[in-house]
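Heads up, the thing below is written out as structure tokens.
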Number of protein chains: 2
Amino acid sequence: MSPIFYQKDVHLVAIDCIIMGFKDNDLHILTARRPFEPFKGGWSLMGGFVNANESVNNAAKRVAAEFTGISNIYMEQVGAYGDVDRDLGERVISIAYFALVDIELFDRSLADKFNTRWVKVSLLPQLVFDHNDMVRDTIAILQKRAAIKPIGFNLLSKEFTLPVLQSLYEAIYQESIDKRNFRKKILGMEILEKLDEKDKNSSKRGAYYYQFNKEKYDQLVQQGLHFSL
Amino acid sequence: MSPIFYQKDVHLVAIDCIIMGFKDNDLHILTARRPFEPFKGGWSLMGGFVNANESVNNAAKRVAAEFTGISNIYMEQVGAYGDVDRDLGERVISIAYFALVDIELFDRSLADKFNTRWVKVSLLPQLVFDHNDMVRDTIAILQKRAAIKPIGFNLLSKEFTLPVLQSLYEAIYQESIDKRNFRKKILGMEILEKLDEKDKNSSKRGAYYYQFNKEKYDQLVQQGLHFSL
DNA sequence: ATTTATAGTGTAAAGATAACACTTATATTG
DNA sequence: CAATATAAGTGTTATCTTTACACTATAAAT
């Protein structure tokens, strides 16, 4: 009766990464023209296979670093996608991860090497296999997670202005937010530090730069206080 | 350069099910004495391997049905667990699912067959491998999910009393809830139907039975209203 | 008839969220 | 150098949501 006496089936296990960046007031996803059959030339997420000697989490980090040139990326697992014929070539079980990167750190030489492009989430084309499902599930997770954890900062440079931070949250939630209410709430948390410099690119007056204070945040969490936007 | 020219590694892919039931005012998880090495005799979740010809979701349903005798179980994926040495015998990537069952429907003959037992979540022993992590992650998901979706009803019989429903939510959130506030909220959603019979087992006065009206709930969701407890 | 145990019920205070419009700073232009 | 144009920055009020809180009702058992 015991399964140990049967031959157990083995599977190809892949990683697919939903690599997200923020620019031009919009969330973007790194996509590539798929270089292999099946669906050669179709738009695809960044992927790779899990090797025998690496954890699934490490495989995801490896893949994300390979296509962006960035290490230490913030990543979360989205889930396993396991329909028998989800990959039309052969059976592959894929584990999807989303990655939040500061798009400024992206190594642009890799865009040529891998034929990748940052596309707006709102203008995402049809992707191969079930990759659109993965993106949809990612956005659902991101909306929930961003509301209760300060993960949005991973999408910004270390220094950012409040108008940019607000437009990031508007992009994530896909709805506009009242400026005064947003500032009241985010500044009320006391996890941001106001700097003396201003960003004068987007307005004549200029907007002050802020930076996220992780130490203060961790301290507040320990006191039982919670991020909530 | 293309990975297609390399031998790709293949993996054993397992399912582990966190099968949850509700009785005696507490959440319970189905556990079994593990019948194989490694860790033969250790407490374990219900597991199995994904076959070549079945989707991962179907494998999870198969495993859950095999150990409970119940089909059409409410299940959600918890995530993939992929450390290289998480299973000390051989490398196995496991995909965990939680299942919510009406414990009354459990086929008790299977408890003998598989040497399983329902144990209180609050008294869960140490489990083999990373199974305790899976349980912890399940409870975190369950707490969030139960707050925004009426999934708790999957743990109850079709007819239930409000005191029982409240104790279910108290068990999920691991905190006590004010009786009046709870009733106000849940009845205010208008997704419950009051029946004429009472349950007289737990009190002299008896508590009215209610049942969940899924049609009404779906209708309200379409109108943009949301469950929130 | 009395006791006992759980079911059932409403209101008010506090806190969170949502709605709303004008002033300020500064680069650019005439 | 005065006027203009543009985005940054700032408080208050109303509404809704959440929380806190204590007594009455029902019916079985004695």
Side-chain angles (χ1 to χ4, degrees), chain A residues 24-26 143-144 146-148 156 159-211 220 223-229, chain B residues 24-26 143-144 146-148 156 159-211 220 223-229:
Chain A
D24 305 335
N25 282 353
D26 243 315
Q143 289 180 339
K144 286 183 197 147
I148 58 169
L156 303 176
E159 307 185 351
F160 50 83
T161 65
L162 291 186
V164 165
L165 185 63
Q166 177 174 345
S167 72
L168 168 62
Y169 276 94
E170 289 176 330
I172 291 172
Y173 298 146
Q174 288 166 202
E175 61 183 25
S176 58
I177 304 174
D178 180 90
K179 191 166 42 162
R180 283 168 288 189
N181 293 339
F182 177 79
R183 285 163 170 267
K184 214 185 314 164
K185 213 162 179 186
I186 194 88
L187 292 174
M189 291 181 207
E190 303 191 313
I191 55 175
L192 295 187
E193 269 173 25
K194 188 176 182 175
L195 305 180
D196 290 330
E197 307 116 84
K198 282 182 171 182
D199 167 31
K200 295 247 176 114
N201 295 320
S202 56
S203 81
K204 292 161 184 171
R205 179 176 180 175
Y208 282 103
Y209 282 114
Y210 286 78
Q211 62 185 23
L220 290 172
Q223 292 168 29
L225 295 166
H226 290 291
F227 185 92
S228 160
L229 258 184
Chain B
D24 305 335
N25 282 353
D26 242 315
Q143 288 180 340
K144 285 183 197 146
I148 58 170
L156 302 177
E159 307 185 350
F160 49 84
T161 65
L162 291 186
V164 166
L165 184 64
Q166 177 174 346
S167 72
L168 168 62
Y169 276 94
E170 289 175 331
I172 291 173
Y173 298 146
Q174 286 165 204
E175 61 183 25
S176 59
I177 305 174
D178 180 89
K179 189 163 46 160
R180 284 168 287 190
N181 293 339
F182 177 80
R183 284 163 171 266
K184 212 186 316 165
K185 214 163 178 185
I186 194 87
L187 293 175
M189 291 181 207
E190 304 191 312
I191 56 176
L192 295 186
E193 269 173 26
K194 188 176 184 176
L195 305 179
D196 290 331
E197 308 116 83
K198 281 183 171 181
D199 167 33
K200 296 244 175 119
N201 296 320
S202 56
S203 81
K204 292 162 182 171
R205 178 178 180 175
Y208 281 103
Y209 281 114
Y210 286 77
Q211 62 185 22
L220 289 171
Q223 291 167 30
L225 295 166
H226 290 291
F227 185 92
S228 160
L229 257 183

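Below, chains carry the letters A, B, ... as their sequence lines are ordered, and counting in each starts from 1.
Interface remark: the R205(B) side chain does not form any donor-acceptor pair with the dT6(C) base, using a distance-only criterion of under 3.5 Å.
Side-chain N/O atoms of R183(A) include one lying less than 4.0 angstrom from OP1 or OP2 on dG9(D). A sub-4.0 Å separation between OP1 or OP2 of dA29(D) and a side-chain N or O of K204(B) is absent. Listed pair K184(A) / dG11(D) fails the phosphate criterion, with no side-chain N or O lying under 4.0 Å from OP1 or OP2.
Rounded to whole Å, atom P of dT26(C) lies 15 Å from atom CG of N201(A). For E175(B) and dT19(D), the CD to C1' distance is 12 Å, given to the nearest whole Å. K185(A) places its NZ atom 13 Å from the P atom of dA19(C), with the value rounded to the nearest Å. The NZ-P distance, from K200(A) to dA25(C), rounds to 12 Å in whole Å. Between the CG atom of L187(B) and the P atom of dT9(C) there is a distance of 8 Å, given to the nearest Å. Summarising the geometry, the separation between CD1 on I186(B) and P on dG8(C) is reported as 14 Å, rounded to the nearest angstrom. The separation between L162(A) atom CG and dT24(C) atom P is 20 Å, rounded to whole Å. The distance between atom CZ of F182(A) and atom C1' of dT17(C), rounded to the nearest whole Å, is 15 Å.
Comparing Y208(B) and S203(A) by the nucleotide of DNA chain C whose heavy atom lies nearest to each, the residue mapping closer to the 5' end is Y208(B). If K198(B) and D178(B) are placed on DNA chain D by their nearest nucleotide, the residue sitting closer to the 5' end is D178(B). A residue-by-residue look at P163(B) and R180(B) shows that P163(B) has its nearest nucleotide of DNA chain C further toward the 5' end.
The distance from atom NZ of K185(A) to atom OG of S228(A), rounded to the nearest 0.5 Å, is 4.5 Å. Here CG of D178(B) is found 7.5 Å from CD of Q166(B). Values are rounded to the nearest 0.5 Å.
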Chi angles and distances behind the side chain to side chain contact (heavy atoms under 4.5 Å, CB included) call for L162(B), L192(B): CA-CA 10 Å; L162(B) 291 186; L192(B) 295 186; 3.8 Å; yes
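When distances are taken from the side chain of N181(B) to each of dT17(C), dA7(D), dC21(D), the shortest belongs to dC21(D).
In this structure, K179(A) reaches the bases: a heavy-atom distance under 4.0 Å links it to at least one base atom across the strands shown. Here S202(A) lies in heavy-atom contact (under 4.0 Å) with sugar-phosphate atoms only.
At least one donor-acceptor pair under 3.5 Å links the side chain of D199(B) to the backbone N or O of N201(B).
A 6.0 Å sphere centred on OH of Y208(B) holds no more than 12 heavy atoms belonging to other residues, nucleotides or ligands.
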